[in-house]
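Since the structure comes first, as structure tokens, the remarks are kept for the end.
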Number of protein chains: 2
Amino acid sequence: MGRWEPNAPGRLQQAAFELYTERGYDQTTVAEIAASAGLTERTFFRHFADKREVLFEGGDRFRATLVDAVDAVPPSATTLEAVTAGLKAAGSVFPTPQLVRRRQALILANPELQERELIKLASLAASLGEALRRRGMPDTAAELAAETGVAVLRIALTRWIEDPVERPWEVHVSEVMDELRRITAERSGVAHGLKRSMGSGRARAEASAVLG
Amino acid sequence: MGRWEPNAPGRLQQAAFELYTERGYDQTTVAEIAASAGLTERTFFRHFADKREVLFEGGDRFRATLVDAVDAVPPSATTLEAVTAGLKAAGSVFPTPQLVRRRQALILANPELQERELIKLASLAASLGEALRRRGMPDTAAELAAETGVAVLRIALTRWIEDPVERPWEVHVSEVMDELRRITAERSGVAHGLKRSMGSGRARAEASAVLG
DNA sequence: TACGCTGACGACAGCAACTGCCATTACAGC
DNA sequence: GCTGTAATGGCAGTTGCTGTCGTCAGCGTA
């Protein structure tokens with residue numbers, strides 16, 4: 001039996017998440033969060049670097065899972081296959097879709113939280129880029145593939161959250177990755193068939209949907 | 001002659017940029033910036049939303065130039081061609097490479113500034129996505145292409161800044177875009193030959209057997 | 001038993017970012 | 001000359017965040 005209640009960081013996270021969603025991020029002070037967890041403001045800042053960081057704790061686990069999965073992909077696989085495998089594996093650390101939805105809604109409603117989310121994703125891209133360099137990719141290609149992979153992650157996450165029939169994470173990753181291949185494989189000119197007889201952008205959109 | 005010196009926002013930007021680079025972002029107070037421009041802290045916050053925003057004023061011009069260029073691309077062009085045209089055109093609003101280098105170094109040295117840069121790029125991606133939707137692309141494809149385009153922008157900008165022979169912006173955009181096509185076109189198995197030009201050179205012959 | 005060390009926390013002072021409110025003053029239009 | 005407007009200053013107040021010091025339980029050790 002310790003002098004204080006156990007798991008102070010966890011209690012602070014819980015309290016912060018609830019207060020942020022109840023009365024909004026701006027309308028919540030750090031002192032309120034700490035009091036709600038039975039602690040003081042000073043202790044809050046001993047456990048978290050700032051008011052936003054309390055919402056971004058799972059990021060390291062996500063990153064580690066992704067990187068480990070990429071490292072485990074056999075070297076014979078293509079870059080996009082490795083990235084795809086990493087993204088799919090990282091989905092295992094997601095909590096329930098319900099919680100992810102609430103969290104994303106919270107972030108979407110606050111520019112400050114969006115900024116933090118974005119720099120976390122940029123850091124994730126850097127780690128992914130390192131993993132790809134370990135597979136033998138040159139620097140530029142690795143960085144580009146990593147940034148693109150994180151773009152896929154963002155789109156896939158949005159679609160996963162909004163999917164009315166709740167198809168699994170891996171399906172959305174595959175779909176968005178396929179969409180990426182489709183976009184980048186598009187060729188100009190009339191010699192390739194794909195764009196033949198598609199004068200307007202509208203027609204191209206429909207064709208793209210059909211070809212999906 | 002007005003009551004005050006003209007162009008207060010411009011003077012504040014100039015003063016902020018110089019102080020940030022001289023003594024660092026953290027070691028500079030808003031009061032110092034304002035005093036250096038012959039104004040008060042209160043006036044600073046009338047012209048700029050916060051301490052970081054004073055460094056991110058050109059963003060709207062960049063965005064407008066990019067979007068206009070994408071809108072001007074004929075509908076027969078592919079998505080990547082449109083994005084490439086937009087990125088190349090937007091390069092016209094860059095100041096001298098020297099200034100861009102100092103600015104990027106400043107941002108790279110401060111996480112807070114990185115966060116602001118990232119949310120500006122995210123906003124840029126949203127605008128680019130809108131422009132692509134105007135071309136008839138479905139939502140997911142437009143967002144994905146826009147995010148990918150911004151990834152290309154980031155990589156190309158880094159390479160442009162670091163290019164020892166200072167080749168023009170358009171060349172770097174083209175190169176990174178080609179790299180993107182190469183990465184995404186990579187196929188499992190040995191029948192395609194494209195990937196011969198990149199990566200570790202390790203045999204990927206068994207990829208189709210392993211990953212289907 | 002007595003002593004000291006450590007680790008988690010509270011209390012307090014203080015700085016800087018940012019906001020709201022009101023006062024000031026040149027300039028334009030009437 | 002009068003009045004409205006726009007740009008600024010002054011000032012108090014809130015909040016995020018930091019530095020510093022004190023408190024107190026648990027632990028080991030002579």
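Reckoned from all heavy atoms, side chains included, excluding hydrogens, waters and symmetry mates. Keep in mind it's a predicted model, so treat the numbers as computed, not measured.
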Hits for ring-ring contact (aromatic ring centres under 6.0 Å, His included) against F62(A), two or more places apart or cross-chain, chain-then-number order -> F94(A)
inquiry  = Applying ring-ring contact (aromatic ring centres under 6.0 Å, His included), can you list everything that pairs with F45(A), at least two apart in sequence or on another chain?
reply    =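 By the ring-ring contact (aromatic ring centres under 6.0 Å, His included) rule, F45(A) matches no residue at all.
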Rounding to a whole Å, what distance do you find between [X]:[atom1] and [N]:[atom2]?
X: N7(A); N: dA8(C); atom1: CG; atom2: C1'; value: 14 Å
X: E5(B); N: dC27(C); atom1: CD; atom2: P; value: 12 Å
X: R46(A); N: dC21(D); atom1: CZ; atom2: P; value: 13 Å
X: F45(A); N: dC12(C); atom1: CZ; atom2: P; value: 18 Å

Closest non-hydrogen contact found for A34(A) with E41(A) is CB-N, 3.6 Å
Checking dT8(D), dA8(C), dC21(D) against the side chain of W4(A) (C-beta onward), the nearest is dA8(C)
Sorted by number, residues from residues 16-44 of chain B placing a heavy atom under 4.0 Å from DNA chain D are G38(B), L39(B), T40(B), R42(B), T43(B)
May I ask you to establish whether R103(B) and F56(B) are in a cation-pi arrangement, using a distance under 6.0 Å from NZ or CZ to the six-membered ring centre and at most 45° from the ring axis?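 Yes, cation above the ring, under 6.0 Å and within 45°.
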### Query
Is K51(B) close enough and on-axis enough to F44(B), meaning under 6.0 Å and within 45°, for cation-pi?
no
For S92(B), the side chain to side chain donor-acceptor pair (under 3.5 Å) test, sequence neighbours excluded, returns none
Quick test of your reading of the model: are [X] and [Y] salt-bridged, counting only N-O distances below 4.0 Å?
X: E179(B); Y: R159(B); result: no
X: E53(B); Y: K120(B); result: yes
X: D50(A); Y: R116(A); result: yes

*Consider only side-chain N and O atoms of K88(A) and S174(A), and report whether a donor and an acceptor are under 3.5 Å apart.*
yes
**Prompt:** Looking at residues 109-123 of chain B, who's got a heavy atom less than 4.0 Å off DNA chain C?
**Reply:**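 The stretch gives none, as no residue of it lies under 4.0 Å from the strand.
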Within residues 49-60 of chain A, the residues having a heavy atom closer than 4.0 Å to DNA chain C are none
Inset, instruction - Apply salt bridge (Lys or Arg N to Asp or Glu O under 4.0 Å) to the pair R101(B) and E162(B), showing each step before the final yes or no. - result: CA-CA 8 Å; R101(B) 247 187 299 268; E162(B) 293 174 352; over 6 Å; no
Does a nitrogen or oxygen in the side chain of H47(A) sit under 4.0 Å from OP1 or OP2 of dA8(C)?
->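 It does not, given that no N or O in the side chain of H47(A) lies less than 4.0 Å from OP1 or OP2 of dA8(C).
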